[in-house]
Amino acid sequence: MNLLAQIQERFRTALAGLAPDVEPFVAMVKPAQDAKHGDYQANCAMSLAKSLVKKPREVAEQIKRRLPLGDFLLEPEIAGPGFINLRLQVNWIAQQLREMAKSDRLAVHAQAAKTIVIDFSSPNVAKPLHVGHLRSTIIGDSLTRLLRFLGHKVITDNHLGDWGKQFGILLYGYRRYVDADAFRADPVRELARIYVKVRKEMKDDDDKTPDPVDDAARLETAKLHAGDEENLRLWKMFMPFSLEEIDKIYRRLEVSFDHMHGESFYNDMLPGVVADLLQKGIAQRSDGAVIISLDEDQPPSIIQKRDGAFTYTTSDLATIKYRMETWSPDAILYVVGVPQSLHFKNFFAAARHAGYTLVDLRHISFGSVLGEDRRVLRTRDGGTIDLEKLLDEAVEHARAIVDENSAELPEAERKEIAEAVGIGAVKYADLSQNRNSDYVFNWKKMLAMDGNTATYMQYAYARNRSIFRKGNVAAVPFRTDPPLPVLDSPFERALALQILRLEETLVAAVEDYQPSIITSYLWDVAKSYSGFFQNCPVLKAETPALRDSRLLLSDLTARVIQLCLGLLGIRTVERM
RNA sequence: GUCCCCGUAGCUCAAUUGGAUAGAGCGUCGGCCUCCGGAGCCGAAGGUUACAGGUUCGACUCCUGUCGGGGAUACCA
């Protein structure tokens with residue numbers, strides 16, 4: 001049940017005829033920012049007053065008179081320059097809660113189903129994953145879960161960097177430095193050692209003086225692309241080890257992909273793509289290169305360089321061609337860092353020129369992870385944080401606290417709790433950030449377990465479940481035949497309202513592709529629940545009816561928390 | 001050079017896209033366990049939203065300029 005949408009629908013009626021297009025004004029109905037202004041507020045009277053040449057408060061009165069209240073809204077109040085403050089009828093809230101309780105998806109509607117390809121994580125194979133890879137991976141995973149929950153068909157595709165220069169580096173290093181015994185014992189570790197060793201021999205990117213190691217690595221890459229047998233053999237040998245390395249992290253993060261079509265997958269298609277675009281007249285030869293000329297003032301997009309090599313735009317065009325032919329999606333989402341904005345702008349323009357005009361191409365960008373010095377963490381600087389190490393550390397830290405607080409629990413359960421809490425903390429710390437903002441990496445914050453963290457939500461959930469255990473109460477009846485809740489106290493009412501905001505929150509989150517909207521909602525729910533928990537005894541409620549009502553509120557809270565955490569890829573635990 | 005992003009409490013971040021007295025967490029200080037889990041709760045201090053103008057009923061948000069930081073800029077993607 002989308003509360004906001006229902007209120008807006010009433011305003012659509014009330015505003016009809018007051019403006020040529022009422023939608024912008026309907027959109028000015030939103031949750032009240034301060035509870036003392038009611039539950040929701042409409043800010044449209046002020047801006048409407050201008051075109052109607054009336055006083056804002058008069059317009060507000062007019063809207064108020066035309067607003068169908070029914071058994072849904074209380075008489076609105078007009079305040080300040082012309083705000084219309086809205087309050088919901090408590091009986092209506094109670095009835096909606098009961099409907100939510102009966103639904104196995106908490107009465108969240110499915111949206112009109114779209115087919116969406118989502119391209120995320122996309123690490124460079126053969127390099128150790130670091131904390132920077134976390135963002136694409138878990139933002140993409142969370143959006144996947146959210147879109148699927150809302151009824152969309154989502155195809156996840158990990159566009160691995162499995163064909164690039166890092167293999168040239170590895171090929172060069174392997175021949176010179178491999179320790180055969182070490183490689184046999186632990187190939188991944190040995191390859192990582194080789195990679196780092198060669199990297200250290202190379203000069204900085206901004207150092208333009210000749211770099212023989214860099215040139216040698218480049219040559220190995222070129223040989224690989226040209227089909228050199230020995231390099232190809234080694235590439236095929238390295239790949240499974242490298243894949244296993246990143247797969248280990250994915251298993252731990254509980255992230256999975258429908259497809260892992262890396263760059264190498266598209267290599268054979270590149271000449272065909274260029275030929276095809278030339279033949280259709282979309283691309284032209286220019287000065288020895290092949291380009292797609294874009295409108296506006298943009299420079300052309302080069303799809304084949306003068307030396308015959310292809311660019312990443314070519315590779316991206318091959319990818320889109322494959323995806324369109326294979327899945328014909330309505331949208332393709334690229335969860336890639338903000339530094340690549342310009343590339344995507346140009347690539348999308350080129351794709352439209354190439355005829356992909358109907359598919360919704362979207363760069364879901366995210367900010368960089370910065371070091372304490374506010375500069376982007378880079379592998380080269382040695383300042384980066386190894387992802388596996390981060391996860392280990394988080395789980396260890398959680399484990400220490402579990403052992404301290406819940407020593408009575410069996411070993412296996414404590415281990416499981418530590419994993420859920422530790423991984424959850426790391427994911428939440430990242431997802432609760434506005435996607436587009438850069439953030440400064442901070443161990444303490446990543447591992448934090450108090451304040452606005454996953455642990456806090458997991459704890460609220462566990463405490464909640466504990467009530468049912470303690471009272472020896474089964475939750476099921478509250479889902480099959482729930483009572484009509486009593487919402488007499490402000491704490492009960494506030495919690496109920498938060499619970500009802502579930503669907504509008506998920507819709508807002510998916511519209512902006514913004515998981516942090518879910519985390520702020522969770523925080524609001526948890527705070528409301530705290531107030532309720534503190535002030536409204538459940539098991540010791542004054543009457544059996546009140547006890548049932550509060551059990552229902554508790555159960556709904558638990559389900560909302562579990563659902564939302566689940567959409568972020570974070571587990572709940574029954575005890576912790 | 002050109003383009004993009006950012007500058008908000010001591011620190012890390014929000015602010016529902018122009019709304020009412022700019023909010024959280026951490027940290028600091030002070031309270032709360034005869035009471036369903038203290039990984040918790042309640043309270044306090046802390047702000048010229050980098051700066052200067054402008055737009056309007058109203059600006060952290062939009063426009064112009066200045067200062068400071070970061071990033072991108074056809075041969076890694």
Side-chain angles (χ1 to χ4, degrees), chain A residues 4 27-28 30-34 36-37 41 43 46-47 49-50 55-56 79-83 85 122 124 159 161 163-166 168 205 218 221 263 289 291 297 299-303 305-307 309-313 315-316 336-343 345-347 365 367-368 370 374-376 398 401-402 404-406 421 429 432-434 436-442 444-445 448-453 455-456 458-460 462-471 504-505 508 512 514 516-517 520-521 523 527 530-531 533-541 550 554 575-576:
Chain A
L4 178 61
M28 291 181 192
K30 49 187 73 168
Q33 296 200 12
D34 189 328
K36 74 177 179 226
H37 297 135
Q41 62 180 47
N43 306 330
M46 285 87 81
S47 33
K50 188 154 290 172
K55 288 180 181 163
F83 295 102
N85 292 335
S122 310
N124 281 330
H159 194 69
W163 201 236
K165 191 167 144 195
Q166 74 274 25
D205 288 335
R218 201 187 298 276
T221 313
E263 291 159 33
I291 62 167
D297 312 320
S301 196
I302 297 181
I303 58 173
K305 291 175 293 183
R306 205 177 310 187
D307 65 4
F310 302 104
T311 68
Y312 50 87
T313 304
S315 170
D316 280 333
V336 180
V338 89
Q340 288 184 49
S341 298
L342 180 61
H343 164 65
K345 188 175 169 224
N346 290 336
F347 159 55
S365 59
S368 308
L370 310 177
R374 298 209 140 260
R375 299 183 75 92
V376 177
I401 293 170
V402 176
E404 189 186 321
N405 292 358
S406 310
V421 170
S432 59
Q433 219 79 211
N434 182 321
N436 278 302
S437 309
D438 294 349
Y439 74 85
V440 176
F441 180 84
N442 177 276
K444 197 175 166 193
K445 188 172 178 178
M449 295 188 185
D450 45 19
N452 185 2
T453 60
T455 313
Y456 181 92
Q458 289 165 324
Y459 183 70
R463 263 198 319 187
N464 179 317
R465 293 294 86 183
S466 153
I467 294 175
F468 286 78
R469 270 198 308 277
K470 191 142 213 161
E504 74 185 45
T505 301
D512 288 353
Q514 184 69 272
S516 68
I517 290 177
S520 2
Y521 171 70
W523 179 239
K527 273 186 301 188
S530 270
F533 185 84
Q534 213 72 18
N535 295 285
C536 306
V538 178
L539 295 174
K540 294 178 186 163
R550 289 178 178 169
S554 297
R575 302 186 288 184
M576 58 190 281

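Numbers restart at 1 for each chain; the letters A, B, ... are given by sequence-line order, proteins then strands.
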Using purine N1 to pyrimidine N3 plus N6-O4 or O6-N4 for Watson-Crick, or N1-O2 and O6-N3 for G-U wobble, each under 3.5 Å, what pairs with [N]?
| N | answer |
| --- | --- |
| B:G1 | B:U73 |
| B:A45 | none |
| B:G40 | B:C32 |
| B:C62 | B:G54 |
| B:G25 | B:C11 |

Contact class for [X] (heavy atom, under 4.0 Å): base, sugar-phosphate, or nothing?
| X | result |
| --- | --- |
| A:F533 | base |
| A:V440 | sugar-phosphate |
| A:A448 | nothing |
| A:D34 | nothing |
| A:M28 | nothing |
| A:D450 | sugar-phosphate |
| A:R575 | base |
| A:A289 | nothing |
| A:R218 | sugar-phosphate |

Does [N] have OP1 or OP2 sitting under 4.0 Å from an N or O in the side chain of [X]?
| X | N | value |
| --- | --- | --- |
| A:N434 | B:A15 | yes |
| A:S437 | B:A14 | yes |
| A:Y459 | B:A39 | yes |
| A:K50 | B:C57 | yes |
| A:R375 | B:G70 | yes |
| A:N405 | B:A39 | yes |
| A:S530 | B:C41 | yes |

Test your reading of the model: is there a side-chain donor-acceptor pair from [X] to the backbone of [Y], 3.5 Å cut-off?
| X | Y | answer |
| --- | --- | --- |
| A:Q166 | A:G161 | yes |
| A:S406 | A:M576 | yes |
| A:R550 | A:P537 | yes |
| A:N85 | A:Q41 | no |

Taking atom [atom2] of [N] as reference, at what distance in whole Å does atom [atom1] of [X] sit?
| X | N | atom1 | atom2 | value |
| --- | --- | --- | --- | --- |
| A:N535 | B:C32 | CG | P | 18 Å |
| A:D438 | B:U12 | CG | P | 13 Å |
| A:F83 | B:A20 | CZ | C1' | 5 Å |
| A:N43 | B:U61 | CG | C1' | 15 Å |
| A:K445 | B:C26 | NZ | P | 11 Å |
| A:N442 | B:G27 | CG | C1' | 12 Å |
| A:L342 | B:A74 | CG | C1' | 10 Å |
| A:K165 | B:C76 | NZ | P | 6 Å |

Counting side-chain heavy atoms from C-beta on, which of [options] comes nearest to [X]?
| X | options | value |
| --- | --- | --- |
| A:K470 | B:C13, B:U12, B:G37 | B:G37 |
| A:M46 | B:C36, B:A74, B:G19 | B:G19 |
| A:V402 | B:A74, B:A39, B:C76 | B:A39 |
| A:K305 | B:C36, B:C75, B:A39 | B:C75 |
| A:Y439 | B:C13, B:G40, B:A14 | B:C13 |
| A:R463 | B:G40, B:C36, B:C76 | B:G40 |
| A:P31 | B:U16, B:C13, B:G40 | B:U16 |
| A:K36 | B:U21, B:A14, B:A39 | B:U21 |
| A:Q41 | B:G27, B:C36, B:A20 | B:A20 |
| A:P339 | B:A72, B:U12, B:G19 | B:A72 |

In Å, rounded to the nearest 0.5 Å, how long is the span from [atom1] of [X] to [atom2] of [Y]?
| X | Y | atom1 | atom2 | result |
| --- | --- | --- | --- | --- |
| A:Y439 | A:L370 | OH | CG | 9.5 Å |
| A:N535 | A:S530 | CG | OG | 10.0 Å |
| A:K165 | A:R218 | NZ | CZ | 4.5 Å |

Under 3.5 Å donor-acceptor pair, [X] side-chain atoms to [N] base atoms:
| X | N | answer |
| --- | --- | --- |
| A:Q33 | B:A15 | no |
| A:K30 | B:U17 | no |
| A:N85 | B:A20 | yes |

Stacking check A:H343 vs B:A72 (5.5 Å / 30 deg):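 Not stacked: fails the 5.5 Å / 30° test.
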Does A:Y456 lie flat on the base of B:A39, that is, centres under 5.5 Å apart and planes under 30° off?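 No, A:Y456 does not stack on the base of B:A39.
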May I ask you to check whether A:F83 and A:H37 place their ring centers less than 6.0 Å from one another?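 Not under 6.0 Å, so no.
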Rounded to whole angstrom, note down the [atom1] distance from [N] over to [M].
| N | M | atom1 | result |
| --- | --- | --- | --- |
| B:C6 | B:G31 | P | 43 Å |
| B:C63 | B:G18 | C1' | 14 Å |
| B:U8 | B:U49 | P | 12 Å |
| B:G40 | B:G27 | P | 10 Å |
| B:A59 | B:U21 | C1' | 16 Å |
| B:C51 | B:C60 | P | 11 Å |
| B:A14 | B:C62 | P | 15 Å |
| B:U64 | B:A20 | C1' | 29 Å |

Does A:R469 or A:Q340 map to a spot on RNA chain B nearer the 5' end, using the closest nucleotide for each?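 The residue mapped nearer the 5' terminus is A:R469.
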Between A:I467 and A:L539, is the side chain to side chain contact (heavy atoms under 4.5 Å, CB included) condition met? List the steps. CA-CA 7 Å; A:I467 294 175; A:L539 295 174; 3.8 Å; yes
